[in-house]
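The structure under discussion appears below in the form of structure tokens.
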Amino acid sequence: MNKKELTEKAASHLRIFCSEIGERRVGSKENRKATTYAEKVLNELGWKTESTELSVIDWHTDGATLTCQGLSFEVLSSHYSLGCSVTDELVAIDRVEQLEKTNIEDKIVLLHGGIAAQQIAPKHFPFWNPEEHQYLISLLERGNPKALVCATERNAATAGGVYPFPLFEDGDFDIPSVYMKDTEGEKLLAFAGKTVELVSGARRIPETAFNVIGRNSSGEKERIVITAHIDTKIGTTGAMDNATGVTILLLLAELLNNYTDKYPIELVVLNGEDYYGAPGQVSYLERNKGRFDEMLLNINIDGAGYKEGWSCFSPFNLPEDMLDVLHEVLWDSPELVEGLPWYQSDHSMFLQQGCPAIAVSSKWFIDHMDTQEITHTPKDNLEVVNYERVAECALGIAAFIKKLEYD
Ligand SMILES: [Zn+2]
């Protein structure tokens, strides 16, 4: 298939994921529509598919309000938080040392400043979990406040481009919480010690989601595992993050159709990269426990196809001959460049298990990871995607695998 046809196919898949379906948060009907579509495409192209059911929670809010002495403050329910309707004294905390010494039992706690600077890793998040975050959570749970009000600024490194960002985004953390802009938090600070009323109409809903795996062979030894996550954050159509990744996976299903099975290929649509419990990743890990050394390589696609700049392939721990093959492919395709290492996606899971990996993304995104304001926001839509870049990534990955097989 030539690049023009492939670009058209990319556009058609992307329209379905981003325009017809839209936001694909884990547990939502739209998320299941997206995995059903991916499975259908894989089947039609002759791949044997398997879908793994995941027990997850979906989440909904009717909104939140915070009032004090007749004044209203703008707040949002923290994603995946429980709801609440509470009235009590407001206590303001900006440092961990202060939290250690303050009685917050049954109070409503305003977390602001340094203590609210970084998004807190979910309690049971398996891949990134700093000790200081777990310590903060345990202090809060022991303190047993009625609810939390989190005033946050912008932190692209931990929360993408969202402002304000939910300090907690964790369905396993049971203290009800809301979040607000840091500027709103400064106004609220004047009411510390006063009685405030907080209502958050949030609720958790038990639901299901699916991983979808396509295989072109029954063999498992030396297989190449190509991954892309299909879920989005709440409030975004997730074009770059990661409809383009799943689209490239579906284009590869077409391009790799007639390959030999010297290296079996597994196309894995993962569900949960942008969700607090990473359920699809955890399920994949469990099902392949102790067998990651059977895999030849992981190729993970996330953030590919941005309109500015070239696509980048970042190698991690590749054996020398494989790295040579990658360099040949990059040499042949000027629109693909070698990328610096980055770790904020599913290839990290494979690296942690000792499997070499290539991460495919957009160079512009990797270069601007800590400052860009697109990821996890409504700006991550089809307007920032270049469909040709998407097709080029698929062609580059296919060329690489072809060279590996026939070299
Ligand atoms: Zn992503």
Side-chain angles (χ1 to χ4, degrees), residues 1-11 13-14 45 47 214 216-217 222-228 240 242 244-268 295-342 345 347 350-351 355-367 385-407:
M1 189 176 300
N2 66 34
K3 184 167 145 188
K4 187 163 172 280
E5 286 167 323
L6 209 60
T7 304
E8 279 161 17
K9 290 236 167 189
H13 291 315
L14 283 165
L45 292 167
W47 293 69
N216 69 345
S217 155
E222 296 205 287
R223 70 188 195 273
I224 299 173
V225 182
I226 309 178
T227 49
M240 305 280 306
N242 184 27
T244 52
V246 181
T247 294
I248 291 167
L249 213 69
L250 298 182
L251 298 180
L252 284 166
E254 204 136 349
L255 294 171
L256 300 175
N257 232 343
N258 305 318
Y259 278 30
T260 68
D261 59 0
K262 181 177 171 196
Y263 301 122
I265 291 165
E266 197 175 83
L267 301 174
V268 187
M295 300 171 192
L296 185 75
L297 171 74
N298 165 238
I299 300 174
N300 179 52
I301 314 150
D302 199 349
Y306 189 59
K307 61 180 181 181
E308 251 178 72
W310 300 123
S311 304
C312 64
F313 285 41
S314 305
F316 298 83
N317 309 330
L318 293 195
E320 212 166 310
D321 50 339
M322 224 188 260
L323 191 61
D324 288 343
V325 172
L326 177 65
H327 285 152
E328 280 175 40
V329 171
L330 298 183
W331 180 257
D332 290 342
S333 337
E335 65 280 4
L336 306 175
V337 298
E338 184 164 344
L340 293 170
W342 58 283
S345 186
H347 51 285
F350 290 86
L351 295 175
C355 176
I358 298 173
V360 175
S361 192
S362 303
K363 187 173 184 304
W364 185 93
F365 257 80
I366 304 307
D367 292 347
V385 175
N386 181 329
Y387 302 139
E388 259 180 68
R389 296 290 96 84
V390 175
E392 288 158 2
C393 286
L395 287 167
I397 295 169
F400 171 75
I401 292 174
K402 197 171 182 179
K403 268 187 197 286
L404 275 188
E405 296 217 340
Y406 293 100
D407 264 21

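Residue indices begin at 1 and follow the sequence shown. Note that the coordinates shown come from a computational prediction; the quantities given were computed from them, not determined experimentally. Because only heavy atoms are used, hydrogens play no part in the values below, and waters and symmetry mates are left out as well, while side chains stay in.
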Those residues that, when tested against Glu222, pass side chain to side chain donor-acceptor pair (under 3.5 Å) (two or more places apart): none
What I'd like to find out is whether the side chain of Ile401 reaches to under 4.5 Å of the side chain of Ile299, using heavy atoms alone. yes
Under 3.5 Å donor-acceptor, Glu254 side chain and Leu251 backbone: no
Under the side-chain contact (heavy atoms from CB on, under 4.5 Å) test, which residues partner Glu8, sequence neighbours left out? Lys4
Using a 4.5 Å cut-off on heavy atoms from C-beta on, say whether the side chain of Leu256 contacts that of Asn216. no
In Å and rounded to the nearest 0.5 Å, what is the CG to CG distance from Leu336 to Leu395? 8.5 Å
Side chain to side chain donor-acceptor pair (under 3.5 Å) against Glu335, all qualifying residues, sequence neighbours excluded: none
Give every residue pair that meets the side chain to side chain donor-acceptor pair (under 3.5 Å) criterion with at least one member in residues 310-326, sequence neighbours excluded. none
Please, which pairs that meet salt bridge (charged side-chain N to carboxylate O under 4.0 Å, His left out) have at least one residue in residues 387-400, sequence neighbours excluded? Lys3-Glu388, Lys3-Glu392, Arg389-Glu392
Any donor-acceptor pair under 3.5 Å linking the side chain of Asn298 with the backbone of Leu351? no
Where the side chain of Trp364 meets the backbone of Tyr306, is there a donor-acceptor pair that is under 3.5 Å apart? no
Is the closest side-chain heavy-atom distance between Val337 and Leu330 below 4.5 Å? no
Between the main-chain N or O of Val325 and the side-chain N or O of Lys403, is there a donor-acceptor pair closer than 3.5 Å? no
Do Tyr263 and Leu404 come within less than 4.5 Å of each other through their side chains, counting heavy atoms only? yes
Between Ile265 and Leu252, is there a side-chain heavy-atom distance shorter than 4.5 Å? no
Can you find a pair of side-chain heavy atoms, one from Thr244 and one from Tyr387, that are under 4.5 Å apart? no
Quick one: side chain to side chain donor-acceptor pair (under 3.5 Å) partners of Thr247, sequence neighbours excluded? none
Using a 4.5 Å cut-off on heavy atoms from C-beta on, say whether the side chain of Cys393 contacts that of Ile301. no
For Thr227, does its backbone N or O pair with a side-chain atom of His347 as donor and acceptor, under 3.5 Å? no
Does any non-hydrogen side-chain atom of Met322 lie less than 4.5 Å from one of Leu296? yes
